[in-house]
Q: 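Sharing a structure with you now.
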Amino acid sequence: MHKPTTRRTVLASAAGTAAVLATGCSKYGDEDGGEAPKPATEPGAPSSSGNQSAAKPAPLAATSDIPVGGGKVFKDEKVVVTQPVAGSFKAFSAICTHQGCSVANVSGGTINCLCHGSKYRVADASVAAGPAPQPLPPRAITVESGSIRLA
C-alpha cells in the first residue's frame with residue numbers, strides 16, 4: 001500500500017531544492033573559490049604584525065598608470081582607482097554591491113563586474129547598469145609626487 005504524500009514532505013523537498021539552487025548561484029564567477037571577503041582592517045588599526053610605525057603604505061600605482069576617463073582594478077587590495085578627468089583621482093571598493101564578486105575591469109567610462117553585468121560610473125561609482133543595488137563605497141587615497149597610495 002502506498003502512503004499518501006504529505007504537505008511536510010513536499011515542503012521539505014522544496015526547501016532542499018532551493019538550498020541547492022542558492023548554493024550553485026552564489027558567488028558565480030568569483031575566482032577565489034567563493035570564499036567570503038575578508039574584513040578590511042579599519043583605518044588606524046594596528047596591523048596583524050604588530051608594527052606600529054607610521055611608514056607610508058607602498059604605492060598602488062603611479063598617476064601615469066591610470067588613464068584619463070578610465071581606471072585600474074587592484075585585485076589584491078580590493079580597490080579600483082579611476083581618473084574621471086585629468087588630474088582628479090578617485091578610489092572605490094572593488095567588491096560589487098550585487099553579490100560580492102570582484103569587479104573585473106574599467107572600460108568605456110564604467111567599472112565593470114562580469115559576474116552579472118553590473119556597471120558603475122568612473123566619476124562617482126554610481127550604478128550605471130544593474131543588477132547592483134547601490135554604488136561602490138569610496139576608499140581613501142592620497143596622491144603625492146606622482147604616486148597613489150591607500151590612505
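All residue numbers refer to positions in the sequence shown, counting from 1.
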Q: Please give me the minimum heavy-atom distance between Arg139 and Ser93, naming the atom from each residue.
A: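 Heavy atoms only, the tightest pair is CG-N, 3.5 Å.
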
Q: Mind checking the CD1-OG spacing from Ile111 to Ser126? Nearest 0.5 Å is all I need.
A: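 Reported to 0.5 Å precision, the distance equals 9.0 Å.
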
Q: Calculate, to the nearest 0.5 Å, the distance between atoms CG and OG1 belonging to Asn105 and Thr110 respectively.
A: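 Going from CG on Asn105 over to OG1 on Thr110, the span is 7.5 Å.
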
Q: Is Val143 linked to Phe74 within one hydrophobic cluster, defined over Ile, Leu, Val, Met, Phe, Trp and Tyr using a side-chain heavy-atom separation of less than 4.5 Å?
A: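 Yes, same cluster.
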
Q: Roughly how far, to the nearest 0.5 Å, is CD1 of Ile141 from CZ of Arg149?
A: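 The CZ atom of Arg149 sits 12.0 Å away from the CD1 atom of Ile141.
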
Q: According to salt bridge (charged side-chain N to carboxylate O under 4.0 Å, His left out), who are the partners of Glu144, at least two apart in sequence or on a separate chain?
A: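 With sequence neighbours excluded, Glu144 shows a salt bridge (charged side-chain N to carboxylate O under 4.0 Å, His left out) to Lys56, given in chain and number order.
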
Q: Do Ile66 and Thr82 pass the side-chain contact (heavy atoms from CB on, under 4.5 Å) test, and can you show the C-alpha distance, the side-chain angles, and the key distance before you say yes or no?
A: CA-CA 7 Å; Ile66 311 300; Thr82 66; 5.5 Å; no

Q: Is there any salt bridge (Lys or Arg N to Asp or Glu O under 4.0 Å) pair reaching into residues 84-104, and which pairs are they, with sequence neighbours excluded?
A: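 Found none.
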
Q: What pair of heavy atoms forms the shortest contact from Val106 to Val122, and how long is it?
A: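 That closest heavy-atom pairing would be CG1-CG1, 3.6 Å.
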
Q: Identify the residue among Ile95, Val80, Leu114 that makes a side chain to side chain contact (heavy atoms under 4.5 Å, CB included) with Ser102.
A: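 Single pass found, and it is Ile95.
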
Q: Any idea which heavy atoms bring Ala125 and Phe92 closest together, and the distance?
A: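 Answer, listing the atom of Ala125 first, then Phe92: CB-CD2, 3.4 Å.
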
Q: Are Phe89 and Leu60 in one and the same hydrophobic cluster, where Ile, Leu, Val, Met, Phe, Trp and Tyr link if side-chain heavy atoms are under 4.5 Å apart?
A: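 Phe89 clusters together with Leu60.
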
Q: Within this structure, what is the CD-SG distance for the pair Gln134 and Cys96, rounded to the nearest 0.5 Å?
A: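 If I round to the nearest 0.5 Å, the distance is 10.0 Å.
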
Q: If I compare all heavy atoms of Val79 with all of Ala91, which pair ends up nearest, and what's the gap?
A: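 In terms of heavy atoms, the two residues are closest at CG2-CB, 4.0 Å.
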
Q: In Å and rounded to the nearest 0.5 Å, what is the CD to CD1 distance from Gln83 to Ile148?
A: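 So the CD of Gln83 and the CD1 of Ile148 are separated by 7.5 Å.
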
